[in-house]
Amino acid sequence: MRANAAHLLAPGATVSGFTVCRREAIEELDADAYVLRHEASGARLLYLACDDENKAFAIGFKTPPADDTGVFHILEHSVLCGSAKFPVKEPFVDLIKSSMQTFLNAMTYPDKTIYPVASTNEQDLLNLMDVYLDAVLNPAIYTKPTIFEQEGWHIEVERDEKGRPHRRLNGVVYNEMKGALSDPMDVLDNAINRELFPHTAYAHESGGNPCAIPSLTYEAFLDTHARHYSLSNSYLVLYGAFDDVRRELAFLDEGYLGDAARTQQARARAATGHAPAHVGAPNELGYQQPLVCDYARVKMATTPDNALVGQAYVIGDAHDSFRTVAADVLFDALLGSNEAPVKRALIQAGIGGNVTSYTSSACLQPYELIILQNAHPEVARTFRQIIEDTCRDLVEHGIPRDRLEAVISSNEYALRQRDYGTADGVVLACEALSTWLYEEDTADTRSATSALTYAKTFERLRRELEGDFFERLLRELVLESGHQALVELVPTGTADDGAVAPQPAADDDVKGAPTDAAADTATDAPDTLMSEEEAAEAEERVAALRATQEAEDSPEAKATLPRLTVADIGTARPEPPLALDREAPLPCLVHPLPTHRIAYALTYFDLTHLSYQELPYVKVLCRLMQQLATSRRTAAELDSYITSNLGFLSFTPEVFYRDENWRLARPMLCVAAGALSEKIEALAAIPREVWAETLFEDTDRMRDVLVQLKIGMEQGFIVSGHQAALARSISYVSPAGVVHEQLGGIDFYFFLKDLVEHFDERAEELCAKLRELQGRIFTATGTVASFTGSAEDYRRYWAAAGNLGLAPRTAPAKELYVPAPEDKHEAFVIPSDVSYTALATDPRRLDIATDGRWAVAANALSYDYLWNEIRVKGGAYGCGFRAAVGRQLAFYTYRDPAIDPSLTRIARAGSWLEGFAPDRAAFEGFIVSSVAAQDAPVKPFAQTKRRCGEYFAGREPSFRAQVRADTLACTPEDLRRIGPAVTRVAAEAPACVFGGRDIIEASDAGWNVVELLG
């Protein structure tokens, strides 16, 4: 296929209106890159030709905001709500329900908006391209103002106990950003950008500030689309294995880019009567001249533990990709772990709970942000001083080369692994735009591909280890920085109503006095009372909106959507059988999967001999592993040694149970590691050294790690409350869920919180307990190994590992008595303007038998009923129904403005399913998408983990095939028969909520309210 592309796309050739500007081989991706330009429209296209069957397409636009209204974020949502060619209400959702997509979404960045799709089926990808291109170029927003009201904002009426009308704002993006800006880390990052880039688009909240969103008018919304969603402002990416890419290029030219297509689009737009007669230019992105923000402060209504300080340094500009990568490596070496020198100095100073950092590279002027979490009062300047003093010492005396080399090795491992967590083509399209967006691609700039080519960069970085390059770079970036900002986030008891985002104190280069402002996500002004006339007008508009939302798409509109049929699915992707090698030194699960010359070794240690009360200590043990010294190496030496030789090393408690005895939980401790094939010996030796020789003596380091763990859990409750709510709600009915909570959920959090608060008096007992558990857990008794890689690597691994130094357990076993699950009906108060609700149960608890048909039911409920009821009408950002066969049935909401309306709608889900009567095409779409989700390509490590889980669950090798067959055989009548069971789940599954206090107090569900974060 790459050969066909090379023959067709010779530089200078013209194919379907595209001129091939240049070709470049990218060895790191096993791909050839072709940069093309469509002559008639000015659209740019990057084609990455490779052998990946998971093909992808993306179209992106440069969209720098000019204010905080979030107009580009609202557009991202809105254009996917119908178009000229596909006049249905929710084509985005229809595609999720009916395609074989492996990725389908859109993303708003601070300066661009990207619409990527991926599929393993070429016709399906063309279908997805068709719908997405028509959506962005010919959206229904010009004829349906209700789309703007639904996705952006609108006024609703609430009456108080006296019957007086009050104004309440609602809208999907409005509620999404209330949730997003409940995260102090997001608020700090926004404030940093305002101080670093005050005269550019980056000073604005691209997602939208809830205080500013209601100032966006429908007319400004349309004008912004017309000015930015043009082909001359677009960037297209094709990725993957195409039999003949001429098909895709011709489709683009004839359908959307060519003269005839663009003329038809212009006429259709003009016919709406809403299109502006004269379309202005896009917003300017702007380049910020260097300046120094000596100190700024932003206030936020959040808990005291969320105090933050951020120090940011601008690295340069996007054109110099080598400098950006070098800076990323440098700061990772200085701040990437507790043993990194700058982070170590900050932790030892005792001015806060944790330090984290990241390189923001997807912008015109990349920067490094260093954050102090759980910051003590008035430490901002001390924080910066410690950073600079430590960096000065490193410049004078040298940066440890073992740390730099370790980070370079870790990056090279990640490049070979290519595990992006989603479809490769989607990630690469976004990465390409991190440089391409800011400079036209030429033979000299290579801006379309410079972010994708790493090999020469890392070769040069290794050469630079010999000189003083990194010291000079550190001096330039930190000690001589003329473009930096220091911002403190100060928690307050209440938000300042009507406050605006912080603005620069002055335009001069140095700001000596602090800027003082509030990050406010308050929804309304203090007086929300409306007149009856205003209320009547608002209620009339809401009624019109509801009528539009509840109206069914016409058969003619539905017929416009491209659909696959069951016949298009094909056979399941073959998977090598799982083998248990009992001849190995330890029983070993063997996974002969292709891995790009990487090997994965996992070791599962049995925990059923521990008592229930000891389980939280296992989580602590896991978190401290590789953070402390061993009998051979100091903590700093161990950190560099691991990073240099392994791609990753993790210690994680997991809970399994066999399908035939779901009431008996089996906790295990999984030690997982990955390494390049040439480092097999290290893969065998390092995990063993860590689990067997870690010294539990350095209580200062132990305290640091535990405080960091606590902070991380607290941030997770705020930004991913639905995950915590799902885990907590299943613990009300499932013994495995109870154990999971003890090993890492809310129960563990309370254990950890108490341990941190009383660490000094408990430290000696903690060290003794961890040493005892170390001796009892890491034995050969009940231990199972797992290996993924080539046969030769497998042989070399066991030759180096021997029996991993494991002897049979001699300590007596304790009884793992798991308390009976009980419904606690808890609502956990978190500092947030939204809520997360979950109802979950084990189907066997209700004597409900589940099979592959439930996957279709979950699809229908999630993307038909719940989407329309809870997201579209209710304004929640997310919602869904999960049906893990034989394991879990669960409802959830995400960034939801209210609790009770969603619970009411969930209660009606089963009745809706009982009356479910889709037409044949729509129902086949549900089956196609359900099977496609089961068949989606999985990276080797994730595949390994899934296969191990199925082994410990005692599932037959035919289990997945049977689920797939059940899904394919599903009928509408099957789903209607499932309806009563769904009603039982909604009525009997226990519920749990994470949310803001006001939202919880407004609920009439009688929660047991728990103050989670103080």
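Counting heavy atoms from C-beta on, the side chains of Pro400 and Leu394 come closer than 4.5 Å. Side-chain contact between Cys622 and Leu669 is present, with heavy atoms from C-beta onward closer than 4.5 Å. Here the side chains of Gln774 and Leu770 are not in contact, with every heavy-atom distance at 4.5 Å or above. A 4.5 Å side-chain heavy-atom check between Leu706 and Leu766 finds at least one atom pair inside the cut-off. Taking 4.5 Å as the limit, every side-chain heavy atom of Thr324 sits out of range of all side-chain heavy atoms of Ser434. Contact check for Arg194 versus Asn190: side-chain heavy atoms found under the 4.5 Å cut-off. At a threshold of 4.5 Å between non-hydrogen side-chain atoms, the residues Lys112 and Ser206 do not count as touching. Put simply, the side chain of Glu637 does not reach to within 4.5 Å of the side chain of Arg632, judged on heavy atoms.
Using a cutoff of 4.0 Å between basic side-chain nitrogens and carboxylate oxygens, Arg381 and Asp294 are scored as salt-bridged. Ionic pairing of Glu714 and Lys710 is present here: one or more N-O contacts between side-chain nitrogen and carboxylate oxygen are shorter than 4.0 angstrom. In summary, Arg460 and Glu464 engage in a salt bridge, as defined by a charged side-chain N under 4.0 Å from a carboxylate O.
The closest side-chain donor-acceptor pair between Gln708 and Asn338 falls under 3.5 angstrom. Residues Glu693 and Thr630 bring no donor and acceptor atom of their side chains to less than 3.5 Å of each other. Ser450 and Thr435 form a side-chain donor-acceptor contact under 3.5 Å, judged by distance and modelled atom types alone. Between Gln484 and Tyr367, the side chains place no donor N or O within less than 3.5 Å of an acceptor N or O (distance only, hydrogens not considered). There is a side-chain donor-acceptor pair under 3.5 Å between Arg403 and Ser337. If you check the side chains of Ser640 and Arg401, you find no donor sitting under 3.5 Å from an acceptor.
Pairing each heavy atom of Ala375 with each of Leu372, the nearest pair is CB-CD2, 3.7 Å. Nearest heavy-atom pair across Leu489 and Asn306 is CD2-O, 3.6 Å. Among all heavy-atom pairs drawn from Leu308 and Pro184, the shortest one is CD1-O, 3.4 Å. What you find for Tyr287 and Leu364 is that their closest heavy atoms are CD1-CD2, 3.8 Å. Nearest approach of Leu181 to Met300, heavy atoms of both residues: O-CE, 3.3 Å. For the residue pair Glu488 and Ala380, the shortest heavy atom distance occurs at OE1-CB, 4.1 Å.
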Go through Leu646 and Leu683 one step at a time and tell me if the side-chain contact (heavy atoms from CB on, under 4.5 Å) criterion holds. CA-CA 7 Å; Leu646 300 181; Leu683 182 65; 4.2 Å; yes
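With ring centers used as reference points, Tyr836 lies 6.0 Å or more from Phe994. Taking the six-membered ring for Trp and the full ring otherwise, Phe197 and His483 have centroids separated by under 6.0 Å.
Residue pairs meeting the salt bridge (Lys or Arg N to Asp or Glu O under 4.0 Å) criterion with at least one member in residues 335-351, sequence neighbours excluded, are Glu339-Arg344, Glu339-Arg701, Arg344-Asp704. For the salt bridge (Lys or Arg N to Asp or Glu O under 4.0 Å) condition, no pair includes a residue of residues 351-373, sequence neighbours left out. A salt bridge (Lys or Arg N to Asp or Glu O under 4.0 Å) check over residues 311-324, counting only residues at least two apart or in different chains, returns the pairs Arg323-Glu476.
Listed for the Gln365 side chain is a donor-acceptor partner under 3.5 Å among the backbone atoms of Gln288. No donor-acceptor distance shorter than 3.5 angstrom exists from the side chain of Arg392 to the backbone of Leu479, with no hydrogens or angles considered. Side-chain N or O atoms of Asp183 include none that pairs as donor or acceptor with a backbone N or O of Gly179 at under 3.5 Å. With Ser410 contributing its side chain and Ala406 its backbone, the two residues share no donor-acceptor pair below 3.5 Å. Using a distance-only test at 3.5 Å, with no hydrogens or angles considered, no donor-acceptor pair links the side chain of Glu388 to the main chain of Val478. Under a 3.5 Å cut-off, the side chain of Tyr454 and the backbone N or O of Ala451 do form a donor-acceptor pair.
For Ser321, there are no side chain to side chain donor-acceptor pair (under 3.5 Å) partners two or more places apart in sequence or in a different chain. Among residues two or more places apart in sequence or in another chain, the ring pair (Phe, Tyr, Trp, His ring centres under 6.0 Å) test is passed with Phe322 by Phe469. In this structure Tyr313 satisfies the ring pair (Phe, Tyr, Trp, His ring centres under 6.0 Å) test with no other residue, sequence neighbours excluded.
Other residues, nucleotides and ligands contribute only 12 or fewer heavy atoms inside 6.0 Å of the CD atom of Glu378. Atom CD of Glu761 is surrounded by more than 12 heavy atoms from other residues, nucleotides or ligands within 6.0 Å.
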